[in-house]
Protein chains: 2
Amino acid sequence: MVILLSLFLIMPHQSLIHSIEQILPLTPGQKAILKEAFHTAEVKKKEVLLKEGEITKYSYFVVEGLLRMYATDDNGFDHNIQFAINGWWMSDMLSLLNQTPASFNIEAIEDSRLLTISQPGKESLLQTIPGLNIYFRQLSENALAAYQQRFAINLSLTAQERYGKLCERYPLLIQRLPQKHIASYIGVTPEFLSKMLNRPFNSK
Amino acid sequence: MVILLSLFLIMPHQSLIHSIEQILPLTPGQKAILKEAFHTAEVKKKEVLLKEGEITKYSYFVVEGLLRMYATDDNGFDHNIQFAINGWWMSDMLSLLNQTPASFNIEAIEDSRLLTISQPGKESLLQTIPGLNIYFRQLSENALAAYQQRFAINLSLTAQERYGKLCERYPLLIQRLPQKHIASYIGVTPEFLSKMLNRPFNSK
DNA sequence: GAAAGCAGTTAATCCAGGTTAAGTGTAACT
DNA sequence: AGTTACACTTAACCTGGATTAACTGCTTTC
């Protein structure tokens, strides 16, 4: 594990290749193609990767770091739609697929190292290595499964319970997230989350 | 359009083939394989296709009709996660992919004609016709885009606005849905939706 | 064609969570 | 070192939507 991490520092593409090889084997030639297709990017904390209204150019794969994607409402409040840590993908899918203006913003919560690929780049990559359709299919299917579960949680549980589920499912993530971003993700105000967490005995 | 509909009555697989051919061409041989791989099913209104706790066996493709997928909370209330009409797919993805007990129920709201395929069936079909990975990838990616958008809506808008968005996006669907199912989908009680819709001037 | 259900309505009361505002602690820039 | 800025807390008050319950049609069923 430590060895893998330090590998990614020198060769960030290894992180992606590792992710893909969980699902399908890659030949050395294919690995070389992948390294060509993806560009590396380093972003600082608070740096913005995508602004609402722009046309999404890239899909992002997080090698190291932490991103958030959020929508801004009419009153200027943020609502976190998704986070992405090491090994996760992030993109405004609607804007990416249809090349329409994004409804979301993407921002780095921590300094992050990313791999990026443009939508045309991804499409031609899929032509060159059709096997990657399997990888991306499974990726989307798993994400879909997670979204369905999260919808059930949001529709049927109280804020307290939603918080509990989040801690259960992503214990490492919450430790890296400022409280206000957790609040925004589970759909309450930072004030209410604070009150909730400091309730006597944290009862109920 | 009318011609297509009547075709589906006699040959329900045409509906699926039509859906796939929007994305990739199929040879006559492949079409024959598809017809073998999918089984037809007819279900009556209120018939249950999947019960919470069961292991999901099938993915469902709706040829004609209307399904809903819902979670039941600790107090016995339903929460609609998704609907599916003609040409849409439906499944509890987590249960299907991991072969774990389902957290959702699937039920017919109208008499429906379906195509079903088991998970092993789908996997061997993908081996036989690898091109279908493209179809299923795009299917999941589009569904993902829709879920992201819906999350933004649910986190940032009021019930009134959520209702408005639903009408905007799926005007045909709401006409076929009993009000209580709309309420459950947008995350309010039937009582509140009724009050909301009958507010003087439907103001605000 | 009575009876039983079920979908929708109305209204009174209640509460989870929002809003506003002021305060504290700590990290970050000069 | 001092100031700014932001994360978090606390508390008073407010409100969108829940809960309960009673009532009004419609269907469905026998």
Side-chain angles (χ1 to χ4, degrees), chain A residues 44-48 66 68 70 72-80 83 107-111 153-166 173-204, chain B residues 44-48 66 68 70-80 83 107-111 153-167 173-204:
Chain A
K44 289 275 167 205
K45 194 171 166 170
K46 297 211 166 179
E47 208 170 313
V48 173
L66 175 53
R68 74 179 177 116
Y70 63 96
T72 303
D73 69 21
D74 297 341
N75 307 314
F77 291 107
D78 288 359
H79 303 274
N80 288 328
F83 301 110
E107 189 193 275
I109 295 180
E110 301 174 357
D111 294 355
I153 287 168
N154 271 36
L155 286 174
S156 46
L157 302 183
T158 64
Q160 179 86 247
E161 294 166 323
R162 257 137 53 205
Y163 181 80
K165 286 281 180 184
L166 181 62
L173 180 61
I174 36 156
Q175 286 166 36
R176 290 162 70 177
L177 285 175
Q179 205 167 292
K180 60 167 187 169
H181 284 150
I182 300 177
S184 163
Y185 182 84
I186 63 176
V188 297
T189 57
E191 291 88 348
F192 183 73
L193 180 58
S194 170
K195 179 165 65 171
M196 203 181 84
L197 294 177
N198 295 312
R199 252 181 328 224
F201 326 131
N202 207 12
S203 58
K204 193 172 168 201
Chain B
K44 288 274 166 207
K45 194 171 168 170
K46 298 213 165 176
E47 207 170 315
V48 172
L66 174 52
R68 73 181 179 117
Y70 62 97
T72 303
D73 70 20
D74 296 342
N75 307 314
F77 291 106
D78 289 358
H79 303 274
N80 288 329
F83 302 109
E107 189 192 275
I109 295 180
E110 301 174 356
D111 294 354
I153 288 167
N154 271 34
L155 286 174
S156 46
L157 303 183
T158 63
Q160 178 86 246
E161 293 166 323
R162 259 140 51 208
Y163 180 79
K165 286 280 180 187
L166 181 62
C167 294
L173 180 61
I174 36 155
Q175 286 166 35
R176 290 163 69 177
L177 285 175
Q179 204 168 292
K180 59 166 189 172
H181 284 150
I182 300 177
S184 163
Y185 182 87
I186 64 177
V188 297
T189 56
E191 291 86 350
F192 183 73
L193 180 58
S194 169
K195 178 164 66 174
M196 204 181 85
L197 294 177
N198 296 313
R199 262 198 298 240
F201 326 130
N202 207 8
S203 59
K204 194 174 168 200

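First the proteins, then the strands, lettered A, B, ... as listed; each starts at 1.
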Margin query: Could you check whether A:Glu191 and A:Ser194, counting side-chain N and O atoms only, form a donor-acceptor pair closer than 3.5 Å?
Written below: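 Side-chain D/A pair, A:Ser194 to A:Glu191: absent.
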Take the protein atom [atom1] of [X] and the nucleotide atom [atom2] of [N], then report the distance between them rounded to whole Å.
{"X": "B:Phe192", "N": "D:dT20", "atom1": "CZ", "atom2": "C1'", "value": "16 Å"}
{"X": "A:Ile182", "N": "D:dT9", "atom1": "CD1", "atom2": "C1'", "value": "16 Å"}
{"X": "B:Asn75", "N": "D:dT19", "atom1": "CG", "atom2": "P", "value": "7 Å"}
{"X": "B:Asn198", "N": "C:dT10", "atom1": "CG", "atom2": "C1'", "value": "9 Å"}
{"X": "B:Tyr163", "N": "D:dG17", "atom1": "OH", "atom2": "P", "value": "15 Å"}
{"X": "B:Lys180", "N": "D:dC26", "atom1": "NZ", "atom2": "P", "value": "18 Å"}

Which of the following nucleotides, [options], is nearest to the side chain of [X]?
{"X": "A:Gln179", "options": "D:dC8, C:dT19, D:dA18", "answer": "D:dC8"}
{"X": "B:Glu191", "options": "D:dC6, C:dT9, C:dG18", "answer": "C:dT9"}
{"X": "A:Ser194", "options": "D:dT9, C:dA7, C:dG18", "answer": "D:dT9"}
{"X": "A:Arg162", "options": "C:dG17, D:dC6, D:dG17", "answer": "C:dG17"}

Next item on the list: Between B:Val188 and B:Lys45, just flag the one whose closest nucleotide in DNA chain D comes earlier from the 5' side.
Entry: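 Its nucleotide being nearer the 5' end, the pick is B:Val188.
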Check: Where do A:Asp73 and B:Ser156 come nearest, in terms of heavy atoms and distance?
Finding: CB-CB, 3.7 Å
Notebook entry, point to check: Does a distance-only test, which skips hydrogens and angles, find a donor-acceptor pair under 3.5 Å between the side chain of B:Lys195 and the base of D:dG16?
Noted result: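 No pair found.
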Check: Are any of A:Thr189's side-chain N or O atoms less than 4.0 Å away from OP1 or OP2 of C:dG18?
Finding: yes
Item checked: Pairwise distance CD1(A:Ile109) to CZ(A:Phe83) - rounded to 0.5 angstrom ->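 It comes to 5.0 Å.
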Margin query: Name the residue from A:Arg176, A:Lys46, A:Lys45 that meets the side-chain contact (heavy atoms from CB on, under 4.5 Å) definition with A:Glu110.
Written below: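 Of A:Arg176, A:Lys46, A:Lys45, side-chain contact (heavy atoms from CB on, under 4.5 Å) with A:Glu110 is met by A:Arg176 alone.
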